Each structure stands twice: as structure tokens, then as C-alpha cells.
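A short write-up of the structure that comes next.
We count ligands from 1, going down the list as the structure has it; atoms in each ligand are counted the same way. Not measured: the values here are computed from a predicted model. Nothing fancy with the numbering, it's 1 onward along the sequence. Hydrogens, waters and symmetry mates play no part in the numbers below; they use all other heavy atoms, side chains included.
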Amino acid sequence: MYQLLDGKALSKTIKEEIAREVSAITAEGGRPPHLAAVLIGEDPASQAYVRSKVRSCEQVGFQSSLIRRPADISQEELMQIVRELNENPDIDGFIVQLPLPAHLDEDEVLLAIAPEKDVDGFHPMNVGLMALGMPRYLPATPYGILQMLERYEIPTEGKDCLIIGRSNIVGTPLSLLLSRKGYPGNCTVTLAHSRTQNLPELARRADILVAAIGRPHMITADMVKEGAVVIDVGINRVEDPTAKRGYRLVGDVDFEAVAPKCSYITPVPGGVGLMTVVSLLLNTLKAFKLRCQPEMQA
Ligand code: NAD
């Protein structure tokens, strides 16, 4: 029988831990940590993600600010917003929700974010610190996956780990983190992508299989080893006329067929997505401590 890696329950527990810390800070007369989010345009998925981030801030007692601008904003206007957030002493960390509309230069924006406020962990400085084993802000989704492995006490040392998908926000950083010395880590990592050959064969060898592809139900039961740990990062909208919104969310893993073969598996929704938001909160708390309580560095 498989065990569910329950992102809903775990994120609730961690949020309660954060809320207790925030209460202690404010009880001593301090201000709460403050996260700002920049949302450009009307992309429905981005709007939903940002809403959930703002709601989560409220749940733990953080202050949050949402800066919304239309999709036709100029690069210079967006850069000005980033500069103001960098300089605003009341804001501990901020994110610019991606993807940005096509006319905007994402790289220029990410490079302009002050590394100490980059709670998404996407700035090259933070990526470099992570790669060298001196982590400051880990990117939220890999960080959320590490916490799941850790809190469920899943052994990782010496395990064969296949990560499918090499994005800068999920697959590539996770491959670094799971191969590093320490726990969770010490895995033998293979990073697969769209040009990989013999994917089913590689997948069947994996003790830990992470799917971060963006293709509904691509991972089928015949690709999974008996007893594997399966982490499904994919969030895909599939049409469903019976659903209130006309669609439902599914992962990259065919959960119904794969779960019976697993020792542990994440559901979608209710898995990695919720852990991602919690990780953003943890990074913001860390940013707050680095700014306001440097002697108590997390
Ligand atoms: P991406 O969309 O930037 O890239 C997809 C990756 O999948 C690429 O590296 C590509 O090489 C690989 N790929 C595509 N087709 C493949 C194939 N047939 N075989 C093997 N590899 C293939 O990646 P992303 O931004 O990491 O997003 C991946 C999925 O994860 C999406 O569904 C996204 O919505 C989801 N996501 C979820 C969270 C979360 O919090 N749960 C966070 C980020 C992304």
C-alpha cells in the first residue's frame, strides 16, 4: 500500500510553524515579514498562483503587497517597479510572477532584483550559492520537494533518482540539490529531457522519480519501478465539462495506475504545488531575519 505525500497536511503544519514565529516577532513589538508580488497581465494561471501566495501570507500573518500592471507595460516601467522594491526598506522580499508577456525581457528583470530580496531564488547569485553548497534562498519548488522528503523521512542516500524536465526553476536546481552531499541528497541523479532516449527504461530503474514535464499523465505504470517514490510536479489543465470551471488539474503522472506500485507518491492537486507556496513563505521569513535580525540568521 502506498503512502500519500500529503502537501495539504504538510503545508498546513509548516504554515502553523511560521505563524507561531510571526506571532513571537510581533509580540515583541517587531513588524511582520513583508512579501510583495508583481503580476503583469491577465494570465489565469499566474493570477491563481499569485492569489494563493497572497492568501498564504495572510494565513501566517505576513504583510503582503500585490502590484498589478497591464500586459502592455514597458520594460522600463517594470524595471522601475523592481528598483523601487529593491530600495523599499519595508519590503523583505518580492517576486515577479513568470512568465512575463513576450515583449518583456525576463532575464533583465531577474538580474535587476536585489539578490537579498530574491525570495524566488532565481537570481544567478542565489543559483550560484546553491550550486556551491552555500544556499541562501532555494528555488521554491525544489525546496518544497526537499521538505517533503525530509519531513516524511524518505531515505535518499545512494538512491537512483530520475528527474524528468530540465527547467531552471525545477529540474535543473533539483538535480543539483539531490546530488549534493547531505540529506536529502546523496542520490545518483539522472536529468532527463525532451531529447532523452529510452526514457521508460531509465524511469524503471529509478528509486525516486520526479516528473516536471507539463504533459498530462505522461508517466504510466509500466514506467515505474515497484516501491518507487514518485514526485509529480506537473500542473496541467485538462478540459472537463463536469467541473465548475470547465477544466480540472492533473499531474504528469497517471496517478490511479501508478500509485499502487509506489511506496510514496504526491497527488495533484494537493502535492508539490502547496509546498512551493510554503517554501516562498520560508524564504520570505529568512529574508526578514537577514534584514531585521541578522544576529539570528536562519
Ligand atoms: P518547462 O515547461 O519549462 O519545460 C518542460 C521540460 O520538460 C523541459 O525541460 C523539456 O525538456 C521536458 N520535456 C518535454 N517533453 C518531454 C518528453 N517527451 N520527455 C522528456 N522530457 C520532456 O518546465 P517547468 O517550468 O519545470 O514546468 C513543468 C511542469 O511543472 C508544468 O506542468 C508546470 O506547470 C509545473 N510546475 C509546477 C510547479 C509546482 O509548484 N507544482 C512549479 C513549477 C512548474
_Under a 4.0 angstrom heavy-atom cut-off, which atoms of ligand 1 come close to T276?_
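The list of qualifying atoms is 39 (C), 40 (O).
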*For ligand 1, which atoms sit closer than 4.0 Å to a heavy atom of S167?*
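Contacts of ligand 1 toward S167, numbered from 1: 3 (O), 9 (O), 23 (O), 24 (P), 25 (O), 26 (O).
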Less than 4.0 Å between a side-chain N and a carboxylate O, is that true for [Y] and [X]?
{"X": "R20", "Y": "E16", "value": "no"}
{"X": "R248", "Y": "D240", "value": "yes"}
{"X": "K117", "Y": "E87", "value": "no"}

Could you check if a side-chain atom of [X] sits within less than 4.5 angstrom of a side-chain atom of [Y], using non-hydrogen atoms only?
{"X": "R31", "Y": "D92", "result": "yes"}
{"X": "P89", "Y": "R291", "result": "yes"}
{"X": "P32", "Y": "I25", "result": "no"}
{"X": "I163", "Y": "C161", "result": "yes"}

[options]: member with heavy atom nearest to [atom]:
{"atom": "atom 43 (C) of ligand 1", "options": "T172, I164, V170, L249", "result": "V170"}
{"atom": "atom 33 (C) of ligand 1", "options": "L202, V250, I235, T266", "result": "I235"}
{"atom": "atom 6 (C) of ligand 1", "options": "G251, G234, S194, G165", "result": "G165"}

*Kindly indicate, with the supporting measurements, whether the criterion side-chain contact (heavy atoms from CB on, under 4.5 Å) is fulfilled by L290 and Y137.*
CA-CA 11 Å; L290 290 170; Y137 306 124; 3.4 Å; yes
Starting from [atom], what is the nearest protein heavy atom, named by residue and atom, and what distance separates them?
{"atom": "atom 27 (O) of ligand 1", "result": "A212 O, 4.5 Å"}
{"atom": "atom 31 (C) of ligand 1", "result": "G214 CA, 3.6 Å"}
{"atom": "atom 21 (N) of ligand 1", "result": "H193 C, 3.1 Å"}
{"atom": "atom 14 (C) of ligand 1", "result": "I213 CG2, 3.6 Å"}
{"atom": "atom 30 (O) of ligand 1", "result": "V233 O, 3.6 Å"}
{"atom": "atom 9 (O) of ligand 1", "result": "R166 N, 2.8 Å"}

*D6 and K12: CA distance, side-chain angles, deciding distance, salt bridge (charged side-chain N to carboxylate O under 4.0 Å, His left out) verdict*: CA-CA 10 Å; D6 186 347; K12 184 166 175 278; over 6 Å; no
Contact between [X] and ligand 1, counting heavy atoms under 4.0 Å?
{"X": "G171", "answer": "no"}
{"X": "M218", "answer": "yes"}
{"X": "N236", "answer": "yes"}

*Between D120, N283, D118, which is the residue that forms a side-chain hydrogen bond (donor to acceptor under 3.5 Å, both in side chains) with N126?*
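The residue from D120, N283, D118 that satisfies side-chain hydrogen bond (donor to acceptor under 3.5 Å, both in side chains) with N126 turns out to be D118.
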At under 4.0 Å between heavy atoms, which part of [X] makes contact with ligand 1: side chain, backbone, both or neither?
{"X": "T141", "answer": "side chain"}
{"X": "R215", "answer": "side chain"}
{"X": "I169", "answer": "side chain"}

*Once you round to the nearest 0.5 Å, how far does OH of Y49 lie from NZ of K53?*
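Here the interatomic distance stands at 8.5 Å.
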